[in-house]
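In this chain, residues are counted from 1 in sequence order.
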Amino acid sequence: MQRENTGIMTAVDVKAFLDKLATVAGEAILPYFRTSLSVEDKSRGGSFDPVTAADRAAESAMRVLIGANFPDHGIIGEEFGAERPDADYVWVLDPIDGTKSFISACRPGAR
C-alpha cells in the first residue's frame with residue numbers, strides 16, 4: 001500500500017488500507033454471525049466483558065494484514081495484547097466494538 005518512490009502514504013492510501021482492514025476483519029467475523037457461539041468472560045470478576053472466537057479471528061486477521069504491510073509498526077489489541085507498543089506508529093485494535101450486541105444477534109431466534 002505504500003508508494004514505491006517515497007515510502008509515504010497519502011490520505012487515499014490510508015483510506016484504502018483501512019477499507020481492506022475492515023474487509024478482512026468482516027470476513028473473519030461473518031462465519032460466526034448467527035451461529036452457536038461460545039462466550040468467555042475475560043473480566044476476571046469485574047463486570048461482564050465477553051470475548052468470542054469471532055473477536056479473536058478478526059484481531060488475528062487484522063494483525064496479519066498490518067504486519068505484512070507495516071512490519072515496523074506496533075499493535076495493541078484487545079484480545080492479544082501488545083506487540084512493539086514503543087514503535088513510532090502503533091495500531092490499536094478492538095475487533096468487535098459491541099461484543100455483547102454481537103452475542104445477542106448470534107443467539108438462536110435472534111433477529
Test item: [X] side-chain N/O and [Y] main-chain N/O as donor-acceptor pair under 3.5 Å:
X     : Y     : answer
Asn69 : Ile66 : no
Glu59 : Glu79 : yes
Thr35 : Leu37 : no

Determine whether more than 12 heavy atoms belonging to other residues, nucleotides or ligands lie under 6.0 Å from atom NZ of Lys15. no
Can you find a pair of side-chain heavy atoms, one from [X] and one from [Y], that are under 4.5 Å apart?
X     : Y     : result
Leu93 : Ile76 : no
Ile75 : Arg84 : no
Trp91 : Leu21 : yes
Pro95 : Glu78 : yes
Phe48 : Val39 : yes
Tyr89 : Asp72 : no

Distance col, row Leu65:CG vs Lys20:NZ, nearest 0.5 angstrom, shows 6.5 Å
Indicate if [X] and [Y] have the same hydrophobic cluster label, given that clusters are the connected sets of ILVMFWY residues with side-chain heavy-atom separations under 4.5 angstrom.
X     : Y     : result
Val90 : Met62 : no
Phe70 : Leu18 : yes
Val64 : Ile29 : no

Of all heavy-atom pairs between Ala28 and Ala61, which one has the smallest distance, and what is that distance? CB-CB, 4.1 Å
